[in-house]
Structure formats: C-alpha cells, structure tokens
Amino acid sequence: MIRKAFTMHLYDGMAEEYEKRHNELWPEMKDMIHQYGGHNYSIHLDPATGTLFGYIELEDEALWAKSADTEICRKWWDYMADIMDTNPDNSPVEISLRKVFELD
C-alpha cells in the first residue's frame with residue numbers, strides 16, 4: 001500500500017457543513033473510492049486554521065489518479081466547491097505532504 005497524506009483548506013465557518021456532508025457521503029462515492037484502490041481514508045480538521053489533513057492508503061497511484069475522471073468524483077467536487085478552496089475545475093486545492101517518519 002502507498003500511504004498518501006495531504007492538506008486542504010475550508011472556508012471560515014464551514015467545518016460543521018463539511019463534516020455533515022462527509023457523514024452523509026454518497027454510496028456511489030464510497031464505491032468509487034474503493035474501486036479505484038483507496039482504503040483507510042480519513043480526514044482531520046485543525047479548527048483554529050480550517051486546515052484539513054487527509055490520509056489515504058492506495059493500491060496504485062496511477063489507478064487512483066484515474067478516479068478524478070469519474071462522473072461521481074466530478075459531481076462531488078462541484079458539491080464541495082462552495083465550502084473549501086478549489087482549483088478552476090472544482091477539485092480541492094490539495095498540498096501533498098512529504099513523509100518524514102514512519103513507525104509500524
């Protein structure tokens with residue numbers, strides 16, 4: 001498994017809405033994440049800054065990259081664009097983090 005960590009950013013006052021939307025994650029989105037090799041996906045919030053820390057384990061990075069082209073992923077991005085920083089295509093602005101330590 002490939003361990004991937006990244007940050008994203010919420011707009012002020014959107015933490016509750018972000019959590020609500022993820023608690024109601026569409027079944028099609030869950031299925032897509034697994035179909036494209038994503039496992040053990042978690043997102044954590046720093047409430048002081050609105051910074052989200054994401055962690056996901058991937059079977060294959062190339063397979064995961066293809067998930068961005070799915071209709072359900074694009075629909076999710078559009079749905080989330082009003083509450084967080086996004087790119088022109090509505091994908092979340094994501095900053096990859098470099099692993100500096102790991103202990104199993």
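Nothing fancy with the numbering, it's 1 onward along the sequence. When reading the values below, keep in mind they use all heavy atoms of this one structure, side chains included, and skip hydrogens, waters and symmetry mates. Everything quoted here is computed from the prediction, not taken from an experiment.
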message: Checking the side chain of N87 only, and the main-chain atoms of D89 only, is there a donor and an acceptor separated by less than 3.5 Å?
response: no

- request: Show your reasoning for whether side-chain contact (heavy atoms from CB on, under 4.5 Å) applies to L52 and M84.
  value: CA-CA 10 Å; L52 297 162; M84 64 190 304; 4.2 Å; yes

- prompt: Counting only heavy atoms not in E24, do more than 12 sit closer than 6.0 Å to its CD atom?
  reply: yes

task: Any chance you could measure T70, atom OG1, to M32, atom CE, to the nearest 0.5 Å?
output: 4.5 Å

message: Taking K20 first and then E16, would you say they form a salt bridge - that is, a charged N and a carboxylate O separated by under 4.0 Å?
response: no

field: I95, CD1: over 12 other non-hydrogen atoms inside 6.0 angstrom
entry: no

- prompt: Should the pair E102-R3 be classified as a salt bridge under the 4.0 Å nitrogen-to-oxygen rule?
  reply: yes

message: To check you understand the geometry: which heavy-atom pair defines the closest contact between C73 and A68, and what is its length?
response: SG-CA, 4.0 Å

task: Specify whether W64 and Y41 have parallel, tilted or perpendicular ring planes, treating 30° as the upper limit for parallel and 60° as the lower limit for perpendicular.
output: perpendicular

Side-chain heavy atoms of W26 within contact of I72, under 4.5 Å: yes

- request: Establish whether I2 and L97 are linked, either directly or via other cluster members, by ILVMFWY side-chain heavy-atom contacts under 4.5 Å.
  value: no

message: I need the single residue from M8, R21, M14 that forms a side-chain contact (heavy atoms from CB on, under 4.5 Å) with M80. Which is it?
response: R21

message: Nearest 0.5 Å, please: how far is CD in E71 from CD in E28?
response: 10.0 Å

field: Distance, nearest 0.5 Å, that separates CG of D12 from OG1 of T49
entry: 10.0 Å

Side chain to side chain, Y79 and N90, heavy atoms closer than 4.5 Å: no

query: Residues in side chain to side chain contact (heavy atoms under 4.5 Å, CB included) with M1, at least two apart?
result: H39, E57, E59

- prompt: So does E19 have more than 12 non-hydrogen atoms from other groups sitting under 6.0 Å from CD?
  reply: no

- prompt: Tell me, do Y11 and D85 make a side-chain contact under 4.5 Å, heavy atoms counted?
  reply: yes

statement: Closest non-hydrogen contact found for K4 with S96 is NZ-OG, 3.6 Å

field: Inter-residue atom distance Y55.OH - N40.CG, 0.5 Å rounding
entry: 6.5 Å

query: Considering all heavy atoms of both residues, which atom of S42 and which atom of H44 are nearest to each other, and what is their separation?
result: OG-NE2, 3.4 Å

task: Could you check if a side-chain atom of D69 sits within less than 4.5 angstrom of a side-chain atom of R74, using non-hydrogen atoms only?
output: yes

field: Shortest non-hydrogen contact between I56 and G38, atoms and distance
entry: CD1-CA, 3.9 Å

message: Would you say V93 ends up clustered with W76 if hydrophobic residues are merged whenever their side chains have heavy atoms under 4.5 Å apart, either directly or through other cluster members?
response: no

message: How long is the straight-line distance from CG of D46 back to NE2 of H9, given to the nearest 0.5 Å?
response: 9.0 Å

